[in-house]
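Here's the structure we're looking at; comments come further down.
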Amino acid sequence: MGYLQMGSYRKCSSGSGYPNISLSAPLPGIPKPVFAAVDSHEQCETKITTLENGLKVASQNKFGQFCTVGILVNSGSRHETKYPSGVAHFLEKLAFSSTAQYGSKDEILLTLEKHGGICDCQTSRDTTMYAVSAEVKGLDTVVSLLSDAVLQPRLLDEEIEMTRMAVRFELEDLSMRPDPEPLLTEMIHAAAYRGNTVGLPRFCPVESVEKIDKKLLHMYLQSYYCPERMVLAGVGIEHEQLVACARKYLLNVKPVWGASTPTNVDLSVAQYTGGIVRDMSDVSLGPTPIPELTHIMIGLESCSFLEDDFIPFAVLNMMMGGGGSFSAGGPGKGMFTRLYLNVLNRHHWMYNATSYHHSYEDTGLLCIHASADPRQVREMVEILTREFIQMAGTAGEMELERAKTQLKSMLMMNLESRPVIFEDVGRQVLATGKRKLPHELCDLISNVTASDIKRVTTKMLCSKPAVAALGDLTEMPSYEHIQAALSSKDGHLPRMYRLFR
């Protein structure tokens with residue numbers, strides 16, 4: 001419809017006119033709106049209750065008609081010392097299959113569908129997370145379903161056989177992916193923590209696929225799936241409601257594998273060893289013709305997320321930044337980070353240079369991944385060792401402030417999402433029994449100084465390097481040379497003299 005402005009009246013295309021009322025003034029005859037208000041402290045407060053059996057219930061209220069609720073278990077691939085590797089991987093794939101109450105996965109999905117819900121299970125090296133997002137009014141059904149999925153799985157033979165097929169497919173897919181990052185992450189952990197805790201394989205090795213059966217899974221569940229190693233976390237619900245549901249469905253429930261035996265829990269502390277893991281297989285197996293690249297990841301020991309130095313390391317990781325050589329965007333994309341300015345912008349032949357920080361309850365690993373043509377591997381490794389050495393220099397005021405601001409904005413941006421808040425609440429309460437709120441973390445980030453960065457880097461450079469190398473490694477320097485470069489003042493590799501080229 002076309003509107004014509006005429007004096008104090010606007011004329012509609014039909015010819016009739018009506019008064020020109022300002023939209024910022026209240027409309028006459030309309031009642032004044034009442035807005036929902038909440039005390040700012042209450043809005044971001046995480047409430048925690050511990051039940052009689054040791055299970056923790058943590059919740060955070062958030063406006064909206066949907067909630068995310070889940071059970072987090074202190075169990076992952078790092079706890080598989082006494083078992084064949086891959087148990088946690090199998091449990092992730094078997095999650096939300098048939099249970100005592102539900103005959104099949106389809107039945108579970110149909111039940112959730114009535115409440116507009118979806119479910120998911122994810123395992124990491126130290127945590128297994130069962131989560132459901134659904135309407136708030138379906139909370140009772142959701143907690144009942146979660147309790148059943150975690151404590152009463154049937155683990156039928158046909159389900160275990162299907163899981164074996166799924167795991168084999170995932171292992172094939174992992175080696176054929178154009179993006180080698182998951183494979184390199186697996187390799188760098190194996191190099192840094194050789195044969196212990198977080199260095200154990202996160203994905204089930206081929207040789208373990210046939211070894212894992214119902215009896216073995218029950219033995220593992222009996223040790224690790226006990227209430228004191230669990231947190232029921234929820235976002236978008238009232239705390240009292242969640243506690244009532246937890247008492248109803250998780251307090252006096254006997255798991256299908258019988259009484260828990262938490263005395264068999266592996267309490268090993270991560271032992272950082274450093275070292276190198278090489279894989280010389282062809283990495284360009286994807287369906288598209290990708291240039292054949294060599295991928296290198298170099299890491300050094302940082303610290304656990306329970307230590308005060310965790311925040312300076314997070315700022316350092318942000319300051320290093322990086323990414324792919326093709327990236328459109330400005331400062332918000334991290335184009336002013338060191339790995340862009342010093343590496344990708346200066347060396348056009350490098351395809352990637354990215355910094356990562358992995359942190360656990362007893363250790364941490366800061367690493368840089370880079371990729372280039374196999375003929376330039378030696379030069380690429382030297383560029384990375386130089387960047388590690390330069391981290392110990394004094395950080396510029398502007399780059400430090402930029403990294404801190406970027407870290408804070410990323411933190412706050414991620415915590416806009418309900419599932420991310422759920423994971424943050426659950427993981428923090430599982431690890432520490434409490435939760436640091438976003439504004440507390442922002443204050444800690446703001447307090448990081450250039451001397452903090454220098455101090456943590458100097459300490460990090462004292463550790464032996466962990467190296468993961470994938471692809472054609474003909475020009476790859478030896479591990480001893482990489483170690484010597486990281487111990488030198490300028491990060492240069494020792495010179496090599498060849499009689500014949």
Decide side chain to side chain donor-acceptor pair (under 3.5 Å) for Glu181 and Thr185; before the verdict, give the C-alpha distance in whole Å, the side-chain angles of both, and the deciding distance to 0.1 Å. CA-CA 6 Å; Glu181 202 268 317; Thr185 302; 2.7 Å; yes

Flag for Thr128-Thr123: side-chain donor and acceptor within less than 3.5 Å: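 Thr123 vs Thr128: no donor-acceptor pair found between side chains.
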
Set of residues satisfying ring-ring contact (aromatic ring centres under 6.0 Å, His included) with respect to Phe66, sequence neighbours excluded: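 Result, ring-ring contact (aromatic ring centres under 6.0 Å, His included) vs Phe66: none returned.
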
Under 3.5 Å: donor-acceptor pair, side chain of [X], backbone of [Y]:
X: Gln152; Y: Lys254; result: yes
X: Lys82; Y: Asp266; result: no
X: Ser175; Y: Glu172; result: yes
X: Glu107; Y: Gly103; result: yes
X: Gln60; Y: Phe422; result: no
X: Arg154; Y: Ser97; result: no
X: Lys47; Y: Ser59; result: no
X: Glu80; Y: Val87; result: yes
X: Thr273; Y: Arg194; result: yes
X: Arg78; Y: Ser124; result: no

Taking C-beta and beyond as the side chain, do [X] and [Y] meet within less than 4.5 Å on heavy atoms?
X: Phe388; Y: Leu366; result: yes
X: Asp362; Y: Phe305; result: no
X: Pro84; Y: Tyr220; result: no
X: Leu473; Y: Thr294; result: yes
X: Leu174; Y: Pro182; result: yes
X: His89; Y: Lys93; result: yes
X: Ser223; Y: Tyr83; result: yes
X: His218; Y: Val256; result: yes

Tell me, please, which residues at least two apart from Glu301 pass side-chain hydrogen bond (donor to acceptor under 3.5 Å, both in side chains).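 Scan of Glu301 (side-chain hydrogen bond (donor to acceptor under 3.5 Å, both in side chains), adjacent residues dropped) gives Thr363.
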
For Tyr272, which residues count as a side-chain hydrogen bond (donor to acceptor under 3.5 Å, both in side chains) partner, sequence neighbours excluded? none

Specify the closest pair of heavy atoms between [X] and [Y], including all atoms of both residues, with the distance to one decimal.
X: His79; Y: Asp126; value: CE1-O, 4.1 Å
X: Val425; Y: Thr46; value: CG1-CG2, 3.8 Å
X: Cys204; Y: Ser85; value: SG-O, 3.8 Å
X: His295; Y: Ser371; value: ND1-CB, 3.3 Å
X: Ile118; Y: Leu112; value: C-CD1, 4.1 Å
X: Lys404; Y: Ser446; value: NZ-O, 3.0 Å

For Lys248, enumerate each residue passing the salt bridge (charged side-chain N to carboxylate O under 4.0 Å, His left out) test, keeping only those at least two apart in sequence or located in another chain.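 Residues passing salt bridge (charged side-chain N to carboxylate O under 4.0 Å, His left out) with Lys248: Asp140.
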
Tell me the side-chain hydrogen bond (donor to acceptor under 3.5 Å, both in side chains) pairs involving residues 196-209, sequence neighbours left out?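 Listed once each, the pairs would be none.
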
What is the distance from atom [atom1] of [X] to atom [atom2] of [Y], rounded to the nearest 0.5 Å?
X: Asn74; Y: Leu430; atom1: CG; atom2: CG; result: 5.0 Å
X: Thr337; Y: Gln406; atom1: OG1; atom2: CD; result: 7.5 Å
X: Leu151; Y: Leu250; atom1: CG; atom2: CG; result: 6.5 Å
X: Leu470; Y: Met476; atom1: CG; atom2: CE; result: 11.0 Å
X: Leu91; Y: Tyr130; atom1: CG; atom2: OH; result: 5.5 Å
X: His358; Y: Asn317; atom1: NE2; atom2: CG; result: 9.0 Å

With sequence neighbours excluded, give me every ring pair (Phe, Tyr, Trp, His ring centres under 6.0 Å) pair touching residues 149-185.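 Every candidate ring pair (Phe, Tyr, Trp, His ring centres under 6.0 Å) pair involving residues 149-185 fails, so no pair, neighbours aside, qualifies.
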
More than 12 heavy atoms of other groups within 6.0 Å of Glu161 CD: yes

Please determine whether the number of non-hydrogen atoms from other residues, nucleotides or ligands lying under 6.0 Å from atom CG of Asp179 exceeds 12.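 Above 12, so yes.
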
Using a strict cut-off of less than 4.0 Å between a Lys/Arg side-chain nitrogen and an Asp/Glu carboxylate oxygen, indicate whether Arg435 and Glu45 qualify as a salt bridge. no

Looking at Arg125 and Glu361, is any side-chain nitrogen of the basic one under 4.0 Å from a carboxylate oxygen of the acidic one? no

